[in-house]
Amino acid sequence: MTITSPHLGSSSDSWTDARLLYALEEVVEQELNRHLKVAKDWMPHEYVPFSDARNFPGFFEDGEAWEKGQSPVTDIGRIALVVNLLTEDNLPSYHHEIASLFGRDGAWGTWVHRWTAEEGRHGIVMRDYLLASRAVDPDQLEQFRMVHMSEGFESDNRHSMLHSVAYVAFQELATRISHRNTGHQSGDPVCDRMLARIATDENLHMVFYRNLLKAAFELAPDLTMGAVRDVVVNFRMPGHGMPGFERAAAQMAIGEVYNMRIHHDDVLQPVLRHLKVLEIDGLGPDGLKAQEELGFYMSGLDAEASKFDEKLAARKARMAARGA
């Protein structure tokens, strides 16, 4: 199936951020209304095992020091939970970024505030769970939080609202996958249930931005194709600046929480396939070039992911042999 994307009689050069924001306002309102109909409110405290909680040392004389064995959470689950929570902790910076890009008025502003409110639940429930269940070292967690938030966050795509829309269409799905896989690998059904609830929110956020990206393709196909190409080729998760991120990301890759294969198969491909990005025709020279470069990149990423799969399989075989 081939899709034809009309240029609507406008040159790509005429699409400023302000004009795109105005042109997409009606779509934002439609998507906001759809989102509010399907999204379900939920109570963070209902997912936290408060009966397992006890005092930590410090102000309380009966405080009990944290020890690794106090929680059933696996090592990889612990690593991923810290990464995921520290990512959620930077919500003030994320809000500032999108409020500056999308504005605080009209449907855009309503969405910005609604999204922020929903995302706020994720950090609340994750931190309460981690402290009540003693899944991670609370002192280290707070030290990491202070370092990470003190550095702030600046998006790689803050120069363009179109790049930002393209980025979050993929990033929201990436976050959903990371939370869901962390739950599966956590070793704790309570944690798995909590992260499944968070993942449901992230999926709805992805659908909002994916549908907005579809509308952008219809308005300005060449510019949107270029934005998607740039975002996919240069994609980084928002938590990349946190303490020890590279090492944690490597461990999460080996632990199959989030790696190159997952990124290709479960994040990039579903969005590109749903929007039929590589099948769009009627593009101008710049759009065609971006589309071809995107296709080449995806092929190369798939090849690199296959090499990673082979290394991971070999590692598992070695570990199984040692265990035997």
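Source: prediction; values computed, not measured.
Side-chain atoms of Glu172 and Arg210, non-hydrogen and from C-beta on, never get closer than 4.5 Å to each other. At least one side-chain heavy atom of Arg197 sits under 4.5 Å from a side-chain heavy atom of Trp42. Leu204 is not listed as a side-chain neighbour of Phe208, based on a closest heavy-atom distance of 4.5 Å or more. With contacts defined as side-chain heavy-atom distances shorter than 4.5 Å, the pair Val83/Phe245 qualifies. Contact of the Asp128 side chain with the His45 side chain is not registered, since no non-hydrogen atoms from C-beta on lie closer than 4.5 Å. A heavy-atom distance below 4.5 Å is found between the side chains of Thr175 and Met237. For the pair Glu202 and Val207, the minimum side-chain heavy-atom distance is 4.5 Å or more. A 4.5 Å side-chain heavy-atom check between Pro57 and Glu64 finds every atom pair outside the cut-off.
Checked by atom type and distance alone, the side chain of Trp15 never pairs as donor or acceptor with a backbone atom of Leu20 at under 3.5 Å. At distances below 3.5 Å, at least one donor-acceptor pair connects side-chain atoms of Gln291 with backbone N or O atoms of Ile280. Of the possible donor and acceptor atoms, one in the side chain of Arg78 sits under 3.5 Å from a partner among the backbone N and O of Val73. In terms of modelled atom types and a separation under 3.5 Å, the side chain of Glu293 and the main chain of Arg229 share no donor-acceptor contact. Put simply, the side chain of Asn55 never gets that close to the backbone of Gly63: no donor and acceptor are under 3.5 Å apart. Under the 3.5 Å distance criterion, the side-chain polar atoms of Thr224 are matched with a main-chain donor or acceptor of Ala216. Asn259 places a side-chain N or O within 3.5 Å of a backbone atom of Ile262 that can act as its donor or acceptor partner. No donor-acceptor distance shorter than 3.5 angstrom exists from the side chain of Thr182 to the backbone of Ala80, with no hydrogens or angles considered. Without hydrogens or angle criteria, Gln70 side chain to Ala135 main chain gives no donor-acceptor distance under 3.5 Å. Judged purely by atom type and a 3.5 angstrom limit, Asn234 uses its side chain to pair as donor or acceptor with the backbone of Asp230.
Comment: Arg114 engages Glu118 in a salt bridge, judged by a side-chain N to carboxylate O separation of less than 4.0 angstrom. With respect to the salt-bridge test (charged N to carboxylate O, under 4.0 angstrom), the residues Lys307 and Glu310 do not qualify. In this structure, Lys40 does not pair ionically with Asp201, as no charged nitrogen and carboxylate oxygen lie closer than 4.0 Å. Salt bridge annotation for Asp266-Arg261: absent, with no cationic side-chain nitrogen under 4.0 angstrom from a carboxylate oxygen. Ion pairing of Asp89 with Arg127 is present here, as a side-chain N (NZ or NE/NH1/NH2) and a carboxylate O approach within less than 4.0 Å. Using a 4.0 Å cut-off between a side-chain N of Lys or Arg and a carboxylate O of Asp or Glu, Glu256 and Lys316 qualify as a salt bridge. Electrostatic pairing of Asp286 and Lys289 does not count as a salt bridge here, judged by no charged N lying under 4.0 Å from a carboxylate O. Comment: Arg54 does not engage Asp62 in a salt bridge, judged by the lack of any side-chain N to carboxylate O separation of less than 4.0 angstrom. Between Arg158 and Glu97 there is no salt bridge, since none of the side-chain N atoms of the basic residue sits less than 4.0 Å from a carboxylate O of the acidic one.
For Ala169 against Met206, the heavy-atom pair with the smallest separation is O-CG, 3.4 Å. Closest heavy-atom contact between Gly183 and Asp192: C-OD1, 3.2 Å. For the residue pair Met43 and Tyr47, the shortest heavy atom distance occurs at O-CD1, 3.5 Å. Minimum interatomic distance between His240 and Arg236 (heavy atoms only, all atoms of both residues): CE1-NH2, 3.2 Å. Nearest approach of Glu31 to Asn211, heavy atoms of both residues: OE1-ND2, 2.9 Å. Across all non-hydrogen atoms, the minimal contact from Leu91 to Thr116 is CD2-O, 3.5 Å.
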Checking Asp75 against Lys68 for the side chain to side chain contact (heavy atoms under 4.5 Å, CB included) test, could you report, in this order, the C-alpha distance in whole Å, the side-chain angles of both residues, the deciding distance, and whether it holds?
CA-CA 9 Å; Asp75 288 341; Lys68 189 175 179 180; 2.9 Å; yes
| request: List the steps and the verdict of side chain to side chain contact (heavy atoms under 4.5 Å, CB included) for Val228 and Phe170. | output: CA-CA 10 Å; Val228 169; Phe170 295 102; 4.2 Å; yes
**OP:** Given side chain to side chain contact (heavy atoms under 4.5 Å, CB included), test Arg180 with Leu195 step by step and report yes or no.
**Re:** CA-CA 6 Å; Arg180 202 69 193 94; Leu195 292 176; 5.5 Å; no
For this session: Begin from the C-alpha positions of Asn84 and Ser178 and carry the test side-chain hydrogen bond (donor to acceptor under 3.5 Å, both in side chains) through to its verdict.
Result: CA-CA 8 Å; Asn84 291 353; Ser178 180; 3.1 Å; yes
- Do Leu212 and Leu24 pass the side chain to side chain contact (heavy atoms under 4.5 Å, CB included) test, and can you show the C-alpha distance, the side-chain angles, and the key distance before you say yes or no? CA-CA 8 Å; Leu212 198 55; Leu24 290 169; 4.2 Å; yes
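Partners of His96 according to the ring-ring contact (aromatic ring centres under 6.0 Å, His included) rule, which considers only residues two or more places apart in sequence or in another chain, do not exist here.
When the side chains of ILVMFWY residues are joined at heavy-atom separations under 4.5 Å, either directly or via intervening members, Met225 and Leu278 end up in a single hydrophobic cluster. Hydrophobic clustering, with ILVMFWY side chains joined whenever heavy atoms are under 4.5 angstrom apart, groups Phe235 together with Leu275. A continuous path of Ile, Leu, Val, Met, Phe, Trp and Tyr side chains, each step under 4.5 Å between heavy atoms, connects Met298 with Val271, placing both in one hydrophobic cluster. When the side chains of ILVMFWY residues are joined at heavy-atom separations under 4.5 Å, either directly or via intervening members, Leu86 and Ile124 end up in two distinct hydrophobic clusters. Under a hydrophobic-cluster definition in which Ile, Leu, Val, Met, Phe, Trp and Tyr are linked whenever side-chain heavy atoms come within less than 4.5 Å, directly or via other members, Leu130 and Phe50 are assigned to the same cluster.
To the nearest 0.5 angstrom, Met194 atom CE is 6.0 Å from Tyr129 atom OH. Once rounded to the nearest 0.5 Å, the distance linking NE2 of His264 with CG of Leu301 reads 5.5 Å. Separation of atoms OH (Tyr94) and OG1 (Thr87) is listed at 5.0 Å; rounding is to 0.5 Å. The distance from the OG atom of Ser306 to the CE atom of Met260 is 10.0 Å, given to the nearest 0.5 Å. Of the inter-residue distances, the one linking Glu119 atom CD with Asn90 atom CG reads 12.0 Å to the nearest 0.5 angstrom. A distance of 4.5 Å separates CD1 in Ile79 from CD1 in Ile76, rounded to the nearest 0.5 Å.
The aromatic rings of His35 and Trp111 sit perpendicular to each other, their planes meeting at more than 60°, with 30° as the lower class boundary. Below 30°, between 30° and 60°, or above 60°: for His263 and Tyr258 the angle between ring planes is between 30° and 60°, a tilted geometry. The aromatic rings of His205 and Trp115 lie tilted to each other, with the angle between the two planes from 30° to 60°.
The number of heavy-atom neighbours closer than 6.0 Å to CD of Glu67, taken from other residues, nucleotides and ligands shown, is 12 or below. The local environment of OH in Tyr297 is crowded, with over 12 non-hydrogen atoms from other residues, nucleotides or ligands closer than 6.0 Å.
With respect to Val112, the side-chain contact (heavy atoms from CB on, under 4.5 Å) criterion is satisfied by exactly one of Ile98, Val28, Asp105: Ile98. Paired with Arg176 under the rule side-chain contact (heavy atoms from CB on, under 4.5 Å), one option of Asn203, Asn181, Val267, Ile198 passes, and it is Asn203.
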